[in-house]
Amino acid sequence: MTSLIQATDATLSREPVDLVLTSGERPSTPTQTVLIELGDRSYPIVIGQGLLGKANTYATLPPAASAFVVTNTMVESLYADALRADLASRYAKVHCVVLPDGEAHKTWQTLNLIFDALLQHGCDRNTVLFALGGGVVGDMTGFAAASFMRGVPFVQVPTTLLAQVDSSVGGKTGINHPLGKNMIGAFHQPLLVVCDLDTLDTLPARELSAGLAEVIKYGPIYDMDFMAWLESHIDALRACDRVALAHAVRCSCEIKAAVVGADEREAGLRAILNFGHTFGHAIESGMGYGVWLHGEGVGAGMLMAAELSRRLGLVDAAFCARLRALVARAGLPVRAPVLDANDNAGRYLELMRVDKKAQAGEIRFVLIDGPGKAVLRTAPDALVREVVNTCCAPA
Ligand code: NAD
Ligand code: GLY
């Protein structure tokens, strides 16, 4: 077994923001900005309330001839008019394409709908794409922007918690393949990320919980103080408390910014952001895309990865129990699903060998090497089988 990478300790200051009362009665949080530092590809993540519906949210973007909004049927009905109105004051033309909703549509066929609409509307290299929606819309819009006319600029306007804390940041874009999750894609950084916390008001509770999985992951891999903060604010987060959400989104983006800033193309360190994802992706593709939400797969996957870490002597049982309690309190499933009644562990292993981190068929897991520190390691199949059997067993 080889230890390949190691996370550094967190040194960021993350004091919770104060509550501010605006002229109306509605409590609000101040707008905050986190910078992703990538040289000439650096960009801000703006986090706040009421950002949709404000034309000056986009004032820093360079001039362009037209804007092209990509969204889906659900989000279009909620937020597309507001974004289109914001953009109308800056762009001579604002076009829009509405995709079918759901992980099952993160495919070549749906991607092609974006290209069809771009070409039908006469869009060119002076068009800026705007991804309005969750991670599915964001990943597909980013991939379309990376490849349309060999690359056009794009902006992320994430409307799910998961997208605000993770998928809209860092430039990973792509689609699924029937044989593996996120297998086709490109690195392409956005010009700007706009996280309007008010959009989370309409998010179903199950989707909010799925987003919390990606928030929780930042604790074990990078910052146990953040994990402790989550333990005392998880109920507030599930209740959509603005101040708590603003803090969670900002901390998550700061940690992601630090990791991506150090390793944009996942030569090493960035792999830690995939804690729980090797098992989780197997769950998603093994169950059929969309049956388990991405965040649900990550939640159960983190517990499997923690259990594997324990069996390798890297963490103790108390750490696993602590993580499990937090995942449960976030409203996420803690028991992994059975993917094959005959050889469940074998099916997990088969699916995980397709993982992008695998090398020559050898699976490399993101494991916890003591709380707050992640490593990328291989593990014997027999041990992985034991973990699958334990984590999928009925309670
Ligand atoms: P999603 O995009 O499917 O959105 C979840 C659901 O919420 C959808 O039905 C959507 O229409 C709906 N929705 C979106 N915003 C809403 C709102 N404000 N109110 C009501 N409903 C709303 O799923 P997701 O969890 O946002 O993203 C998951 C995807 O992100 C997966 O495909 C995953 O692979 C990807 N991802 C990518 C990265 C990356 O770095 N690029 C990181 C993590 C996850
Ligand atoms: N969500 C994993 C990454 O951005 O690297």
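Order of appearance sets the numbers: ligands from 1, and atoms from 1 within every ligand. We use all heavy atoms of the structure for the numbers below, so side chains are in, but hydrogens, waters and symmetry mates are not.
Taking any N or O of Glu214, backbone or side chain, none lies under 3.5 Å from an N or O belonging to ligand 1. Geometrically, ligand 1 and Thr159 share a nitrogen or oxygen pair separated by less than 3.5 Å. Polar contact with ligand 2: present for Arg270 (N/O pair, distance under 3.5 Å). For ligand 2, the polar-atom distance check finds an N/O of Lys256 within less than 3.5 Å of one of the ligand's N/O atoms.
Only the side chain of Asp166 comes within 4.0 Å of ligand 2, judged by heavy-atom distances. Neither the backbone nor the side chain of Thr73 has any atom closer than 4.0 Å to an atom of ligand 1 (non-hydrogen atoms only). Of the heavy atoms in Lys256, only side-chain atoms (C-beta onward) come closer than 4.0 Å to ligand 1.
If you number the atoms of ligand 1 from 1 as listed, the ones under 4.0 Å from a heavy atom of Glu103 come out as 29 (C), 31 (C), 32 (O). Residue Thr199 has at least one heavy-atom neighbour below 4.0 Å for each of these atoms of ligand 1: 17 (C), 18 (N). Residue contact check: Asp166 has heavy atoms under 4.0 Å from atoms 42 (C), 43 (C) of ligand 1. Atoms of ligand 1 found under 4.0 Å from any heavy atom of Asn182, numbered from 1 in the order shown, are 34 (O). Per-residue contacts place Lys181 under 4.0 angstrom from the following atoms of ligand 1 (heavy atoms of the residue considered): 31 (C), 32 (O), 33 (C), 34 (O). Near Leu78, meaning under 4.0 Å from one of its heavy atoms, ligand 1 places the atoms 19 (N), 20 (C). In the vicinity of Met74, heavy-atom distances shorter than 4.0 Å reach the ligand 1 atoms 11 (O), 21 (N).
Comment: Glu266 does not engage Lys357 in a salt bridge, judged by the lack of any side-chain N to carboxylate O separation of less than 4.0 angstrom. Using a cutoff of 4.0 Å between basic side-chain nitrogens and carboxylate oxygens, Arg329 and Glu231 are not scored as salt-bridged.
Using modelled atom types and a 3.5 Å distance limit, the side chains of Gln189 and Tyr43 yield a donor-acceptor pair. If you check the side chains of Glu103 and His294, you find no donor sitting under 3.5 Å from an acceptor. If you check the side chains of Thr202 and Tyr79, you find a donor sitting under 3.5 Å from an acceptor.
For atom 24 (P) of ligand 1, the choice among Gly135, Gly297, Gly102 with the nearest heavy atom turns out to be Gly135. Of the listed residues (Glu207, Gln156, His281, Lys172), the one carrying the non-hydrogen atom nearest atom 5 (C) of ligand 1 is Glu207. The closest heavy-atom contact to atom 16 (C) of ligand 1, among the options Leu203, Leu99, Leu208, comes from Leu203. Within the set Asp139, Val136, Val260, Leu132, the minimum heavy-atom distance to atom 35 (C) of ligand 1 is found for Asp139. In this structure, of Ser167, Pro100, Ser77, Pro158, the residue bringing a heavy atom nearest to atom 38 (C) of ligand 1 is Ser167.
Between Cys195 and Leu51 the shortest side-chain heavy-atom distance does not fall below 4.5 Å.
For atom 10 (C) of ligand 1, the closest non-hydrogen atom of the protein is Asp101 OD1, 3.6 Å. Nearest protein neighbour of atom 19 (N) of ligand 1, counting heavy atoms only, is Thr202 OG1, 2.7 Å.
Met287 and Tyr289 fall into different hydrophobic clusters, where Ile, Leu, Val, Met, Phe, Trp and Tyr are joined by side-chain heavy atoms under 4.5 Å apart, directly or via other members.
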